[in-house]
Amino acid sequence: MTVSVLKLKNSYTRQLEVFEPLQAGRVTMYSCGPTVYSFAHIGNFRSFLFADVLRRVLERNGYEVRHVMNITDVGHMTEDHLADASGEDKLAKAARELGSDPFKVAQHFERAFVEDAKALRLKIYRGGETDDPELHPRATGHIPEMLAMIQKLLERGYAYVVPTGEVYFSVAKFPEYGQLSGKNIEENEAGARVGVREEKKDPRDFALWKVDAKHLMQWDPHSDKGWDKADYGRYRELAPEGVDKTIKPGFPGWHIECSAMSRAHLGSTIDIHTGGEDNMFPHHECEIAQSYGAFGFTVPGPHGAPDEHHARKTFSRYWLHGRFLLVDNKKMAKREGNFYTARDLMDPVAAGRKDLAAKLEAAGFKGGRVDPLTLRYALISNQYTQQMNFGVDLLVQAKASVERIQRCYERLREIIGPGTDLDIAETASDKMIELVDKYEREFDDALNDNLNTPNALAAVFKAINEINAMTLGKAEAVEAMRLMDSFDEVLDVIDRRERSGILTKTEIEQRLALPLPEFDLLANAELDSAAVAGFVALRQAARKAKDFKRGDAIRDGLKHRGVMIEDVPQGVRWKLE
RNA sequence: GGUGGCGUAGCCAAGCGGUUAGGCAACGGUUUGCAAAACCGUCAUACGGUGGUUCGAAUCCACUCGCCACCUCCA
């Protein structure tokens, strides 16, 4: 049996490369995280989910993964922004509702993001990792590191201060600038679409520190006024010589935060850096330039032998970029009317999108709500290197797929039954053992091939087809369940709550002997398992009397209340929708 | 204008030189009082177009048509 090795497409070299971490057995990974000045949209989540799948695949390959995803909370909110708080703009609206404290706005949206991320089962927000600030660094908490890095760039001659008190990175000092994105910057018409700041020595130069009195978030590099005490102390610690006196109070530029935070929490050289394709230029290009300038790294070699390249110390050894998600074949944008946040889909009514709720309801989503696990599946169902065209059809298909996985899982659970010792002496057939082995390997091979999730899913469904066609004993079901659990380590789309069960024929007989409930399914009371059993017995009585009309009415009534009833050989299966 | 990518049966989506991808939908059958689920079968001798290379091409080459993204804050 050959074990496949993990291969990833490195955007920097544009080649599929065998993945080897710097340190054997351990992987450091940084993902450009959300900007918390509005609700994260499904495009954001596609990117975060691709990073999530990558992290899980790394873990499957036996690596201990340290995954950091930042929170960009250095908003670029200005007083103008607040003054202009009219219309639909959520940021402005939120700011007005929350007051003009940008920290509060950021906090509000960060909380919302964490909620969504948990619902979508981003592993970095599950369990103990959720509360580890080291794994979720906030930009506003790392101004000292950023200033220290800026200071270092000044000292090493990679940056300069202009009369306004702002600091720019000098791109001319870094000849490799543009290599990641493949942009020949010289040939681009500088400033063709953006006004060139005349203070810049070179139009390509980018800001490390900005000065703008209108901005609501400000830091004074020369005084502890307005600083969090701990942070100011930390800054002095990081830059003992103090910051260049000509730098004026302001806020960090757009690119410095990721360089500073990844270094702070993962060290100088990281294994993998992920982000959306748009991050390549200029964001990641600038990160490389800054880290090179500040820390004197070698840059990744251009298309050299992979081993030679990997041996070098660089800022990030592998760069992975997720391609954009489109909606209706267009880039998602509010003005196009094809913009969805994750919560718009998960609960459109609460998000104030009644039209969307109606559309989803019509497509078969109860209450117009898309289950988070369905959304998760949809967003990971094609390979991250491909543009994804999102739409209601995709969600419908994802829903059906998740249900198929879920049903297979539930069938196995029913066969195994409660309280079964999973180490039962009885052994599964060779056929089942081979099946598990075969599809687990296919699954891994697909994922190790640059996270080819469609192929991985093909393996899952082939396995389910075979498992469903087999008559299973307990030991076999245990084995099959192990396979499903294994798939779900990466997919994580199985709802493990007890949401279905079997009422056996004997149990129904026993229940029939007791007084039956009145046929009133319109009541508002919560349906508990006893109530469900009562109605199932009531229906059974009707069926026995050949009153199928009444029996079906009870089934429909239960369905209306979210409980599905299916007749199976052993009795009646109930299932919460 | 510069750069990158994509066009595969009704829809989504693998494959990247030679044996069934897979899913969804639809239709037929088994099962069921009826459903649902599950299973069996059909749609599937599909690869934007035109040339070329090859014993053999969805896969390589040339040209061509259409779509998308990046070059600006953006996942």
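Quick caveat: nothing in here was measured; it's all calculated off a predicted structure. Below, chains carry the letters A, B, ... as their sequence lines are ordered, and counting in each starts from 1.
- Look at A:R204 and you won't find any side-chain N or O under 4.0 angstrom from OP1 or OP2 of B:C71.
- Between A:R411 and B:A37, a side-chain N or O to OP1/OP2 separation shorter than 4.0 Å is absent.
- Residue contacts shown for A:R550 are absent, as no nucleic acid heavy atom lies under 4.0 Å away.
- Across all strands shown, B:A58 forms no Watson-Crick or G-U wobble pair with both key distances under 3.5 Å.
- Heavy atoms of A:H321 sit nowhere under 4.0 angstrom from any nucleic acid atom.
- Shortest non-hydrogen contact noted between A:A139 and A:T72 is CB-CA, 4.4 Å.
- Note on A:N44: a side-chain N or O is less than 4.0 Å away from OP1 or OP2 of B:A75.
- B:G22 has no base stacking with the ring of A:F461 when judged by centroids under 5.5 angstrom apart and an interplanar angle below 30°.
- One N or O donor and one acceptor, one from the side chain of A:D552 and one from the base of B:G33, sit under 3.5 Å apart.
- Checked by atom type and distance alone, the side chain of A:D73 never pairs as donor or acceptor with a backbone atom of A:V36 at under 3.5 Å.
- For A:N389, no side-chain nitrogen or oxygen approaches OP1 or OP2 of B:C67 to under 4.0 Å.
- Note on A:R46: nothing from the nucleic acid sits closer than 4.0 angstrom, heavy atoms only.
- With hydrogens and angles disregarded, no donor-acceptor distance shorter than 3.5 Å links the side chain of A:R55 to the backbone of A:M29.
- Salt bridge status for A:K331 with A:D278: absent, with no side-chain N to carboxylate O gap under 4.0 Å.
- Using a 4.0 Å heavy-atom cutoff across all strands shown, A:N329 reaches sugar-phosphate atoms only and no base atom.
- A sub-4.0 Å separation between OP1 or OP2 of B:A75 and a side-chain N or O of A:T35 is present.
- Taking side-chain N and O atoms only, A:N468 has a distance below 4.0 Å to OP1 or OP2 of B:C39.
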